[in-house]
Amino acid sequence: MITKQDKKQDLLDYRYLRMARIWAENSYCQRRQVGALVVKNKMIISDGYNGTPSGFENICEDEAGVTKPYVLHAEANAITKLARSGNNSEDSTLYVTASPCIECAKLIIQAGIRRVVYGEKYRLTDGIDLLERAGIEVEYKEL
């Protein structure tokens, strides 16, 4: 049975995912723009989008259209921003527009994030598989 609380959480999940999608528009990447929000106690405590490290040119792809190897994923940007801010991501929820890769899944686990909500499936599922193996709640919500 779906409770009133479940419906309320579902509405919040879709709102935060839509906000992550809007945040993704800040990315300079041409191939794919991804946004992420870390939410704790109904407060956004960090945000991120995919792009190059600070101080690098805002060009994510090479001349052949291949993503440069040093481009950071949205989840990594949000988590590292948290580390610099002094905020705590323990028991928070990560909203991300695309399912996390395995490298970002490792960061999510280590950051103490307890729940991941994503809006787009990726062909590789190793990141999602690792998150589930670690006991992190993972939900796909189609936008």
Side-chain angles (χ1 to χ4, degrees), residues 2 5-143:
I2 297 174
Q5 184 63 28
D6 291 336
K7 286 182 183 178
K8 200 172 186 181
Q9 184 61 56
D10 199 47
L11 285 172
L12 282 172
D13 288 346
Y14 279 107
R15 284 184 189 136
Y16 285 126
L17 267 180
R18 287 194 311 268
M19 291 170 72
R21 178 164 284 158
I22 290 167
W23 199 245
E25 295 173 10
N26 289 314
S27 173
Y28 289 91
C29 296
Q30 300 296 309
R31 284 186 55 228
R32 170 180 267 178
Q33 294 180 316
V34 179
L37 299 175
V38 181
V39 176
K40 186 173 180 176
N41 300 324
K42 296 182 183 176
M43 289 178 25
I44 298 169
I45 60 171
S46 189
D47 54 60
Y49 51 87
N50 58 325
T52 57
S54 298
F56 283 64
E57 73 287 349
N58 288 322
I59 301 170
C60 299
E61 295 84 10
D62 63 20
E63 301 78 32
V66 176
T67 300
K68 294 178 180 179
Y70 52 83
V71 168
L72 291 160
H73 289 186
E75 306 93 302
N77 267 327
I79 290 168
T80 55
K81 189 184 279 189
L82 265 171
R84 292 179 75 177
S85 74
N87 278 329
N88 182 333
S89 56
E90 194 73 32
D91 295 327
S92 62
T93 299
L94 172 73
Y95 293 91
V96 61
T97 57
S99 61
C101 70
I102 195 160
E103 294 302 319
C104 287
K106 293 178 202 177
L107 293 174
I108 292 164
I109 293 165
Q110 290 302 98
I113 293 168
R114 72 164 175 80
R115 186 167 174 258
V116 174
V117 179
Y118 66 99
E120 184 182 312
K121 292 182 180 180
Y122 187 61
R123 62 181 170 80
L124 300 176
T125 63
D126 50 357
I128 297 297
D129 297 340
L130 185 64
L131 292 171
E132 289 174 343
R133 181 176 170 195
I136 294 173
E137 184 183 339
V138 179
E139 290 185 50
Y140 166 67
K141 303 232 183 234
E142 190 173 10
L143 286 178

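Because the structure is predicted, anything quoted here is derived from the model rather than measured. The first residue in the sequence is number 1, and the count goes up from there.
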> Between Thr93, Val96, Ile45, Ile44, which is the residue that forms a side chain to side chain contact (heavy atoms under 4.5 Å, CB included) with Val38?
Replying inline: Ile45

>> Going by disulfide (SG to SG under 2.5 Å), name the pairs with one or both residues in residues 40-126, residues two or more places apart or in two chains.
In response: Cys29-Cys60

> Pairs in or reaching into residues 98-114: which pass side-chain hydrogen bond (donor to acceptor under 3.5 Å, both in side chains), with residues at least two apart or in two chains?
Replying inline: Glu103-Lys106

> Does any N or O in the side chain of Ser46 come within less than 3.5 Å of the main-chain N or O of Ala78, such that one atom is a donor and the other an acceptor?
Replying inline: yes

>> Going by side chain to side chain donor-acceptor pair (under 3.5 Å), name the residues that satisfy it together with Arg32, two or more places apart in sequence or in a different chain.
In response: Glu120

> For Ser89, which residues count as a side chain to side chain donor-acceptor pair (under 3.5 Å) partner, sequence neighbours excluded?
Replying inline: none

>> Could you check whether any side-chain N or O of Ser27 sits under 3.5 Å from a backbone N or O of Asn50, counting only pairs where one atom can act as donor and the other as acceptor?
In response: yes

>> Please list all pairs meeting salt bridge (charged side-chain N to carboxylate O under 4.0 Å, His left out) that have one or both residues in residues 69-79, counting only residues at least two apart or in different chains.
In response: none

> Taking only residues two or more places apart in sequence, or in another chain, which ones meet Asn77 in a side chain to side chain donor-acceptor pair (under 3.5 Å)?
Replying inline: none

Under 3.5 Å, which donor-acceptor pairs link side chains of residues 62-71 to any protein atom two or more places apart or in another chain?
| residue | atom | partner | partner atom | Å |
| --- | --- | --- | --- | --- |
| Asp62 | OD1 | Ala64 | N | 2.9 |
| Asp62 | OD1 | Gly65 | N | 3.1 |
| Asp62 | OD1 | Val66 | N | 2.9 |
| Thr67 | OG1 | Arg31 | NH1 | 2.7 |
| Lys68 | NZ | Glu57 | OE2 | 3.0 |
| Tyr70 | OH | Glu57 | OE2 | 2.9 |

> Who pairs with Asn41 by side-chain contact (heavy atoms from CB on, under 4.5 Å), at least two apart in sequence or on another chain?
Replying inline: none

> Does any pair with a residue in residues 25-45 pass ring pair (Phe, Tyr, Trp, His ring centres under 6.0 Å), and if so which ones, sequence neighbours excluded?
Replying inline: none

> Who passes salt bridge (Lys or Arg N to Asp or Glu O under 4.0 Å) against Asp13, sequence neighbours left out?
Replying inline: Arg115, Lys141

Which pairs of donor and acceptor atoms, one on a side chain in residues 125-136, lie under 3.5 Å apart (sequence neighbours left out)?
| residue | atom | partner | partner atom | Å |
| --- | --- | --- | --- | --- |
| Thr125 | OG1 | Asp129 | OD2 | 3.1 |

>> Is there a side-chain contact between Arg21 and Tyr95 in this structure, where contact means two heavy atoms from C-beta onward sitting under 4.5 Å apart?
In response: no

>> Strictly by ring pair (Phe, Tyr, Trp, His ring centres under 6.0 Å), give each pair with a member in residues 71-90 just once, sequence neighbours left out.
In response: none

>> On a heavy-atom basis, which atom in Ala24 and which in Gly35 lie closest, and how many Å separate them?
In response: CB-N, 3.3 Å

> If you round to the nearest 0.5 Å, how far is CD of Glu139 from CG of Leu17?
Replying inline: 9.5 Å

> Do Lys40 and Asp91 sit within salt-bridge range, that is, some charged N less than 4.0 Å from a carboxylate O?
Replying inline: no

> Would a distance-only check, ignoring hydrogens and angles, find a side-chain to backbone donor-acceptor pair under 3.5 Å from Glu61 to Gln30?
Replying inline: yes

>> To the nearest 0.5 Å, what is the distance between OG1 on Thr97 and CG on Leu37?
In response: 9.5 Å

> Roughly how far, to the nearest 0.5 Å, is the CD1 atom of Ile79 from the CD1 atom of Ile108?
Replying inline: 5.0 Å

> Distance from Asp47 atom CG to Asn26 atom CG, nearest 0.5 Å?
Replying inline: 8.5 Å

> Is any side-chain heavy atom of Asp6 closer than 4.5 Å to a side-chain heavy atom of Gln9?
Replying inline: no

